[in-house]
Amino acid sequence: MTKQSYTLKILNSRKVALNTTEITFERGKGILPFCAGQYVKVTLPKLLYADPKGESRDFSIVSSPNTIDTLVVTFRGSESGYKRTLLELPIGTAVSVDGPYGVFTLPSDTGRSLVLLAGGIGITPCLSMLSYAKEENLPYDITLLYANTNPKRAAYLSELDALSAESKHLIVKKRFGDITRIFIEESTKDIESPLWYVVGPPAMVEASRDLLLGLGVIEANLFVEEMSGYSGEVHLTSASRLKGSVTSSLSTPEMLSATILEVLDNSALVAVTDVEGDIIFVNNKFVEISQYSQDELMGQNHRMLKSGYHPQSFYGDLWKTISMGKVWNGEIKNRAKDGSFYWVDTYISPVFNNDGEITAYAAVRFPITEKKEAEEKVALEAKRFQQVAEDVHKKNEELEKIRKATLNILEDLDEEKKAVENRVLDRTKQLEQEKEKLMQVTQNMKGGAILLDEKRNVIFTNANIWDMLGATVEKINDTDALDLLFNKFKDTDIKKYFQRCIHGETFHVPEIESGERVYEIFFHYLEDHVRAERKHFGYFILIFDITDVKLLERSKSELVAVASHQLRTPLTAMRGNVEMLIDESYGKLSSDQHELLDDIEISTIRLIGMVNDMLDITKLEAGNLEMTPEKLDIGKIIRSIVEDLKDYAHKHAFTITHDPVAESVPSVYGDRVRVRQIFQNLIDNAIKYSRHPGVLTISYHSRKGVVEIELKDNGIGIPKNEQSKLFGRFYRASNSAKSASSGSGLGLYIVKSIVEQLNGSIRFESVENVGTTFYITLPTEEKSITST
Ligand code: ADP
């Protein structure tokens, strides 16, 4: 875009805010092409009022480059001769417009978001940019932060509202008052890494720039433009201050020796300006680095190279130094024509005439962009490194916390582990001891033992097993034990028994034959009961040869059966005869004879009872006491027993109380004769071992699956220390003889055996000299009668 001078007519002038005027020039199609954001210099034909600053001023363009017919500028009014003249010029007046100037323009190749920060009249280039961005549908979201001292001074509020209403890519945030950090932060918190454009009065630009840098915005993302029309109506390049003192057109090459120039030409950017700062000489290097042609540079102010990086005070110092006749040296960041930046180490020296007056300034600039970029990079890296270091530090602190917490947990775990190890050691020791014990016991016992682990591997056998299983010593191998066992009992259910054991059952087979011999085999499913959750760890099989025991038992039973039968027949005959004698069927008896015969009768009855008991025991133990289970009305059976024993009870002044609820008692299952035998025995005992006046209370309790019959007497009771032996064979308590001299001590043994065979139970509670209560349960449902 080349800069030219155009003559444009004033088309219109209007107030857009307090002390703010907009002037529209007739542009004419395509005349004065510019980029949105640029400014023009307007030179008036003549001043109506004197103005020391002359007849030209810079104005930002507010219209869009697409508005081809007109060009619009806006400015704040002032008392200056120039502004007063401009406001009074009639419509149609032609003025000279130069431009375009400035690099404060929209980026063309980025998809990044933009934040425009406009202060006061700084809205003008922004409005141009926003209109253009909308018209061209440019690929970025724009947020405009627009600050004014008050709404009256704020131009274009309604235009902005209209624009943002029409475009979803534009957000407008207004603020009346100073621009604050909070305002910037809150308005832009959701925008990721935008490009920042700051434009407005110099003080506002400088303050905003500092705020943004403080918020971490980097220079490369920050573009600033200070507006003219402030601080004495000059564009804030200090050079303007010296306007008017331009002396002459100097021939610069004459001032510098040709040799030096040649050297410098290759290494430095050399420029000479007049006292106003307008360029009057540049060397090739200057042209090369700045990218402007010599023509473009000549007569221009250095301002056009400003990058916006340095604060205004920086240039102020520069000018102060050189205008005082001293050499200034410093590093400056400038902007090349294509918008890229370059750094130069700059020496500016005043040039004096013979009178010692400053007539020009000579500047020699050495390019240091690479060095600066490296420095910036280092600074950036350092900042990043610091951030990383801080993060690492934070992470380290967190890690340290976690490490400590972990250590604590580990310590706890360690203790726990030790405790577990100790428990395991104890347990192992215990198991070792148990194994040792088992070995000792099994080695010394008559039976054969096989121990298998949970995988059914034989892990231990005792010496006896091999004889028993018929293995020769040479062939001994633990793993054979199970096969030998199965083989020995191959005609039996041995494998089925072993399967039962594998399925978790512990039981014994009381008799199992192999050839001529009889064995008893115990199968144990081994579990570790110590731990909460049981662990299966193997099987234990114990085999006893019980051939001899069985033979002995058989002969004993046979003996008892034969003896009992042999005894019962004569005893029954004896009893009949004695009864006949007592009945005086064979003649009158004296009282002595009566007494004698009564004693004989009692003894005979007792003997018959004992013989019957012994026969029962023989049958019970041989497992051939016959039982025919049937549904029984237990209340009725007991009532009939009570009825039968009425006379006997009466004789002993004994009262029997029968529970009134007996009627509703459910039926039980049992063998009628044997159930009767149970209660006959118990009621008989209650009467036999009673105290005067004796009472027996019979009651019934129905529970799940059983009926419990309670027989509570107030008799002599059973001494505490003898209670455990009560159900033993031939046991009679030490206090029993006082109440009943007769008694075999077999009754309760038989009762318990029968009850258990009927799947019932019996227990008692007794206090000596207070009474005894027997509790018998019988099943209400049919179950197979247990056989031993
Ligand atoms: P026996 O009555 O023939 O001695 P049992 O086996 O019936 O034999 O009873 C064993 C013993 O239990 C009795 O000798 C007696 O000492 C004690 N006994 C049984 N029933 C009672 C009871 N109701 N009150 C006190 N003692 C009893």
Side-chain angles (χ1 to χ4, degrees), residues 560 564 567-568 571 601-621 625 638 641-642 644-645 648-659 673-699 708-758 760-777:
V560 173
S564 304
L567 282 171
R568 206 154 63 155
L571 278 171
E601 192 192 18
I602 290 166
S603 298
T604 312
I605 290 170
R606 205 199 311 162
L607 270 171
I608 292 171
M610 196 185 277
V611 167
N612 281 338
D613 283 351
M614 280 169 66
L615 273 174
D616 282 347
I617 287 173
T618 317
K619 284 182 198 159
L620 276 168
E621 288 181 353
L625 185 70
I638 294 177
I641 298 169
V642 173
D644 288 353
L645 289 170
Y648 180 54
H650 187 72
K651 216 164 118 189
H652 285 80
F654 195 84
T655 316
I656 300 175
T657 318
H658 213 149
D659 189 337
V673 176
R674 295 302 167 186
V675 168
R676 216 183 146 80
Q677 188 179 350
I678 294 167
F679 292 99
Q680 207 154 17
N681 215 313
L682 293 171
I683 298 169
D684 188 49
N685 274 352
I687 301 171
K688 255 192 336 198
Y689 304 108
S690 63
R691 289 178 302 136
H692 198 75
V695 177
L696 173 70
T697 310
I698 304 171
S699 55
E708 185 182 72
I709 304 108
E710 180 184 324
L711 304 168
K712 182 185 170 79
D713 67 43
N714 65 342
I716 61 169
I718 300 143
K720 184 124 190 106
N721 58 349
E722 296 177 38
Q723 288 180 3
S724 62
K725 301 174 203 155
L726 204 73
F727 292 113
R729 270 195 287 196
F730 300 109
Y731 187 78
R732 304 200 71 211
S734 54
N735 61 346
S736 63
K738 279 185 260 166
S739 308
S741 51
S742 66
S744 61
L746 289 173
L748 287 182
Y749 174 77
I750 294 168
V751 163
K752 188 171 193 299
S753 302
I754 295 172
V755 167
E756 283 173 357
Q757 279 199 38
L758 291 173
S761 69
I762 179 163
R763 67 187 174 91
F764 68 92
E765 288 162 1
S766 183
V767 177
E768 207 179 348
N769 295 323
V770 175
T772 305
T773 308
F774 279 91
Y775 301 92
I776 302 92
T777 64

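Computed from a prediction, not measured in an experiment: that's the story for all the values here. Whatever order the structure lists ligands and atoms in, that order sets their numbers, starting from 1. When reading the values below, keep in mind they use all heavy atoms of this one structure, side chains included, and skip hydrogens, waters and symmetry mates.
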### Task
Could you point out which residue of V675, I698, L682 forms a side-chain contact (heavy atoms from CB on, under 4.5 Å) with I638?
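By the side-chain contact (heavy atoms from CB on, under 4.5 Å) criterion, I638 pairs with just one of V675, I698, L682: I698.
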#### Entry: Qualifying salt bridge (Lys or Arg N to Asp or Glu O under 4.0 Å) pairs with a residue from residues 764-773, counting only residues at least two apart or across chains
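Pairs touching residues 764-773 that pass the test: R763-E765.
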#### Entry: Residue list, side chain to side chain contact (heavy atoms under 4.5 Å, CB included) with L607, at least two apart or on another chain
L571
### Contact residues of ligand 1 (heavy atom under 4.0 Å), by chain and number
N681, N685, A686, K688, Y689, D713, I716, G717, I718, L726, Y731, R732, A733, S736, G743, S744, G745, L746, G747, L748, T772
### Message
Walk me through whether Y648 and D684 qualify under side-chain contact (heavy atoms from CB on, under 4.5 Å).
### Response
CA-CA 9 Å; Y648 180 54; D684 188 49; 3.1 Å; yes
#### Entry: Carboxylate-amine/guanidinium proximity below 4.0 Å for D616 and R674
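Looking at R674 together with D616, the answer is yes, because their closest N to O distance falls below 4.0 Å.
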#### Entry: Residues which pass ring-ring contact (aromatic ring centres under 6.0 Å, His included) with Y689, listed by chain and number, not counting sequence neighbours
none
